[in-house]
Amino acid sequence: MRLVRPTLLGFRCNRFSHYAPWFRGVAKDPWLEEFCARADQLPMSQCRRSRTKFDVCCALTVFGIDLKDLTPEALLHYAVESRAHGLAGENSRSGSYAGTLAWPILHDMGQFPASAPRSFRGAVTRGQISVEEAVDRHRLRNREVRDVLVEYIRRRSAGLDYSTLRQLVNLLVRVFWKQIEEINPDQQDLRLSEETFTRWKEWMLVLPNGNPRLDVDGPLMAVRALYLDLQTWAVAEPERWAKWSAPCPVRDADLRWFHLRRRRLQERMANRTRDRQPLLPILSQYVNDTWHRLRSMLDAAQQVENGDEFTVDGTTWLRVSTKDQRHNRPPVRAVNRATGELVHLSRDENIAFWQWAVVETLRLAGLRAEELTELTHLSVRQYQRSSGEVVALLVVSPSKSDRERVIPMSAELFHVIAQIIRRHRNQHGTVPVCARYDLHEKVWSEELPYLFQTFHGGIQRGMSATTVWRMIKRACDALAVTHPQFKGVKFAPHDFRRLFATELVNNGLPIHIGAALLGHLDIRTTRGYVAVFDEDVISQYQQFLARRRAERPSRWRVWGWWSSAVFSRGTGSTGGAGAEVGAECRRLPGSGV
């Protein structure tokens, strides 16, 4: 009634069970009624829909305005202040803001101008920052060195993407010069003493958490490039750079073991691939079985009414009702009649499906994580060969190597992509057009029909690489309960890529074809991926052993058979298999055993 206009903190000191219906009954605002009607159509729980209507009514009460006067800035101020005072309710625990779901509804109603972001995430996302802001985050003491680093990084940024630029700022500012100032606060220029640089190298070898730094060449190469670039620029522009030209503190001896460290890195990656190769079929089978089991249960539950029982794989379930029956697609839940376990079938089946889709697409296509999230409905093409055969193709957008490539889809991969498209069409009638936020470049993409997208913040949004990581981790954590070999094992999206390359080349595919499928510009990169199990060496050596064994005398053949039997049983002792082979040898005439 606008007789009292409390502050946000004063208003929220009280608890209101049904404030939104009271406010709507007094306000009698048709525009507010339309907003509430749209909020009731959100594919969310009843609690979150009620929370959305409460946030708008609370903002109108605190600001003393009608809905037609609610601007994007006012709603953003309400959300930020609610979070600052810890008043965001359930959203504060998840790191979200109040009013997140109300933003896209108001935008679709035309309440917000077209220039405003369509999602609340777009309004609070900072995006790319300038070089000056990135450097000033580290609060360098020496302003002259700070200005030199800013200008140097800005000049280098012309040939770098934003992700690489941030890494360069981190190495030169945080890792290098910030620590130089901590070691020697009186350092005024780039001419470092041997003692100062030695202390910095000792500090760099150990991470802040106490673990040894594996990539020591990255900071050294960045510092070396800084000094050598300044020396080169000083010749062309002495009036600007001659003052900062100094001897490079990184000696050749510091990089002497560069190639050795690179080999150690490749060995660690190869060992990581070896460890995960036998686990990949288990992970693939798990996500496939989980999704099919939950899909069967969901299909069976949708065939009965609330309160009716249904049976799946010999287990009796009871479909129970929810508070969201007014929604077009109310969530489906069921209770195990034997154990009393409550299962959110519609929610769990959706999670299981996207886990299956992510794992299988990475396994069958060898994509990078960002390439997976950039797949759209337009990426699926077909090619008709001269013989009339039609081949399904997957067009991968340029990513790391800035090079588009085409992957002929296998039957298994085509099945996964078809299931994704079918799911979107069943839920939305088509593949929805939405935007995606690039975590590396810190920019929003144009709206496209992305295949991997979810409902988040009130709107459809393309998946991020972080979501892909979390889905894989959730599946591995669930497997660790029944498979001890998964404990402490982390599957990264790039692990699937290495395993895909290893399987291709070791099964006879020419390595240059594998490089084209993976999008590698240098064939040596592909060779580093597949140098895990050298199938040619193994097969040729086994053939050599077979020929040598055939040329030996008969009693040597017995010993060769004995050793093969022992090691094929997984033991190096003479017990077990050795006793069995010894019994066979005693029956051989002239064996000498």
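Side-chain atoms are counted along with the backbone in the values below, which use heavy atoms only and exclude waters and symmetry mates. FYI, the numbering just counts along the sequence from 1.
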Indicate yes or no: does [X] engage [Y] in a salt bridge with an N to O separation below 4.0 Å.
X	Y	result
Lys490	Asp495	no
Asp108	Arg118	yes
Glu360	Arg363	yes
Arg48	Asp55	no
Glu371	Arg368	yes
Arg143	Asp147	no
Glu503	Arg498	no
Arg199	Glu194	no
Lys243	Glu144	yes

Is the shortest side-chain heavy-atom distance between [X] and [Y] below 4.5 Å?
X	Y	value
Ser464	Thr467	yes
Leu479	Leu283	yes
Asp136	Arg146	yes
Glu447	Cys434	no
Asp229	Arg156	yes
Trp444	Thr125	yes
Thr361	Leu451	no
Leu149	Leu226	yes

Tell me whether the NZ or CZ atom of Arg461 lies within the 45° cone about the ring axis of Tyr437 and under 6.0 Å from its centre. no
Looking at [Y], is its backbone amide N or carbonyl O close enough to the side chain of [X] to form a donor-acceptor pair, meaning the two atoms are under 3.5 Å apart?
X	Y	value
Trp200	Val175	yes
Asn142	Gln188	yes
Arg83	Ala98	no
Arg405	Val395	no
Gln128	Glu441	yes
Lys178	Arg139	yes
Gln231	Ala246	yes
Ser157	Leu160	no
Ser379	Leu375	no
His107	Ala116	yes

CD (Glu181) and OG1 (Thr196) are apart, to the nearest 0.5 Å, by 12.0 Å
Verify side chain to side chain donor-acceptor pair (under 3.5 Å) between Ser245 and Tyr227, making sure each step is shown before the conclusion. CA-CA 7 Å; Ser245 179; Tyr227 278 84; over 6 Å; no
- Would you say the side-chain atoms of Ser130 and Glu133 include a donor-acceptor pair closer than 3.5 Å?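 Present: a donor and an acceptor within the cut-off.
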Do the side-chain N and O atoms of Gln187 and Asp189 include a donor-acceptor pair separated by under 3.5 angstrom?
yes
Give a yes or no on this: more than 12 heavy atoms of other residues, nucleotides or ligands lie within 6.0 Å of atom [atom1] of [X].
X	atom1	answer
Glu446	CD	no
Arg137	CZ	no
Glu132	CD	yes
Glu195	CD	no
Arg470	CZ	no
His138	NE2	yes

Aromatic centroids of Trp233 and Tyr152 separated by under 6.0 Å
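Under 6.0 Å, so yes.
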**OP:** Please identify each residue that fulfils salt bridge (Lys or Arg N to Asp or Glu O under 4.0 Å) with Lys487, with sequence neighbours left out.
**Re:**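 Result, salt bridge (Lys or Arg N to Asp or Glu O under 4.0 Å) vs Lys487: none returned.
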